[in-house]
Structures are given as structure tokens and as C-alpha cells.
Amino acid sequence: QVQLVESGGGLVQAGDSLRLSCAASGRTFSNSAVAWFRQRPGAEREFVAAITAGGGAVSYADSVKGRFTISRDNARSTVYLQMNSLKPEDTAVYYCASRPTIYYATREGLYDYWGQGTQVTVSS
């Protein structure tokens, strides 16, 4: 079983930055693609960013492209989401998810393991 734990959320002002971390345990992390999803108040969970197992390819939702950066350090079994120029509409619970294949997907139903989520609140 793979376990994921998110951290780094908090309350910030618009224009500020945050870095979220997703710490993973399990034997197959280095062979697993990882994605970030978020759920805004009153909305369904949506795709944010994803990265392949080796970190060689990434994907972003249009709403965060140019502002967010996903990366991973397999030696530390950790995936990061650097969030810059935060906007109030970025306020959401952010979830880390993984699936045991090298390539990522953008649909939440294709991921097997999920963290508990971390709250990000951006005030104007």
C-alpha cells in the first residue's frame, strides 16, 4: 500500500507563494506518476498538475499554468507543488494522488492512492 501525506497549506494573501509537499511511503513510489487535485468550495474536485514517475514530463491545468510548478525528488519520496502569484480563486483543499504507472492522467478516477488533503486559503 502507498500512503501519501500532504503538508504546506495555510493562509496567505493574494500574490503570495506557497509550496506544498506530498510525502510518500511504499516500495513503488519511484515507478508511480503523481498528480495534484483540488476542491474549491462548492465545486467538484479538479485536476491541477501531474508528473511522470521519473519527472521527465509534466502537465498543468490551464487555470494554473505559468503560476504553479510540480516537481519530485524520488530520493526523498516527495512531490512538490510550488504555487506562485496565488489568487483568491486558488482557495481549496489540495490533494496528492498517485497511480502505479510511469505516466500521469488527469482524471481523478484513474488514481489509486490519495492523501488526506491540505487547506490553502488565499485572501484578497
Side-chain angles (χ1 to χ4, degrees):
Q1 297 289 328
V2 174
Q3 293 183 306
L4 306 173
V5 179
E6 303 96 334
S7 62
L11 173 63
V12 298
Q13 297 285 324
D16 286 352
S17 297
L18 279 175
R19 188 180 74 163
L20 305 183
S21 297
C22 174
S25 62
R27 297 180 299 172
T28 61
F29 176 77
S30 62
N31 294 321
S32 299
V34 176
W36 288 93
F37 292 82
R38 69 185 181 187
Q39 187 167 18
R40 293 179 283 191
E44 297 182 352
R45 193 175 301 179
E46 63 179 332
F47 171 79
V48 176
I51 189 167
T52 55
V58 297
S59 180
Y60 299 98
D62 289 341
S63 59
V64 306
K65 195 172 300 180
R67 299 188 298 120
F68 291 10
T69 303
I70 188 171
S71 62
R72 67 190 296 161
D73 184 347
N74 284 348
R76 299 183 62 184
S77 297
T78 302
V79 172
Y80 304 97
L81 184 67
Q82 178 66 46
M83 305 185 295
N84 297 328
S85 301
L86 284 164
K87 305 174 181 179
E89 50 263 46
D90 294 319
T91 295
V93 177
Y94 284 74
Y95 298 90
C96 177
S98 71
R99 69 199 206 110
T101 186
I102 60 171
Y103 218 74
Y104 54 74
T106 59
R107 294 187 61 192
E108 61 180 287
L110 297 177
Y111 286 85
D112 299 295
Y113 305 103
W114 293 79
Q116 297 182 30
T118 185
Q119 176 71 48
V120 173
T121 303
V122 185
S123 63
S124 60

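Values below: every heavy atom of this structure, side chains too, minus hydrogens, waters and symmetry copies.
The two residues S32 and T28 have their closest heavy-atom pair at OG-O, 2.8 Å. The two residues E44 and Q39 come nearest to each other via the heavy atoms C-CG, 4.2 Å. The two residues S30 and A53 have their closest heavy-atom pair at O-CB, 3.4 Å. Taking each heavy atom of G117 and V93 in turn, the nearest pair found is CA-CG1, 3.9 Å. Scanning all heavy atoms of the two residues, the minimum distance from A24 to L4 falls at CB-CD2, 3.5 Å. The shortest non-hydrogen separation linking A14 to P88 is CB-CD, 4.1 Å.
Screening residues 7-122 for disulfide bond (SG atoms under 2.5 Å apart), with sequence neighbours left out, gives C22-C96. Sorted by first and then second residue, the disulfide bond (SG atoms under 2.5 Å apart) pairs with a member in residues 23-91 form an empty list; sequence neighbours excluded. The disulfide bond (SG atoms under 2.5 Å apart) analysis of residues 29-61, with sequence neighbours excluded, yields no pairs. Contacts classified as side chain to side chain donor-acceptor pair (under 3.5 Å) and involving residues 109-124 (residues at least two apart or in different chains) are given here: Q13-S123, Q119-T121. Sorted by first then second residue, the salt bridge (Lys or Arg N to Asp or Glu O under 4.0 Å) pairs that include residues 60-74, not counting sequence neighbours, are D62-K65, R67-D90. Here ring-ring contact (aromatic ring centres under 6.0 Å, His included) pairs that include residues 66-110, with residues two or more places apart or in two chains, number zero.
More than 12 non-hydrogen atoms from other residues, nucleotides or ligands lie less than 6.0 angstrom from CD of E89. The number of heavy-atom neighbours closer than 6.0 Å to CD1 of I102, taken from other residues, nucleotides and ligands shown, is 12 or below.
Residues forming a salt bridge (Lys or Arg N to Asp or Glu O under 4.0 Å) with R76 (at least two apart in sequence, or on another chain): none. Evaluation of the side-chain contact (heavy atoms from CB on, under 4.5 Å) rule for E46 yields R38, R40 as partners, not counting sequence neighbours. Under the ring-ring contact (aromatic ring centres under 6.0 Å, His included) criterion, F47 pairs with F37, sequence neighbours left out. A search for side-chain contact (heavy atoms from CB on, under 4.5 Å) contacts involving V12 returns D16, L18, L86, V122, not counting sequence neighbours. Considering only residues two or more places apart in sequence or on other chains, T101 meets the side-chain contact (heavy atoms from CB on, under 4.5 Å) condition with R99. By the side-chain contact (heavy atoms from CB on, under 4.5 Å) test, V58 pairs with I51, Y60, I70, sequence neighbours left out.
The side-chain heavy atoms of V120 and L20, taken from C-beta on, include a pair separated by under 4.5 Å.
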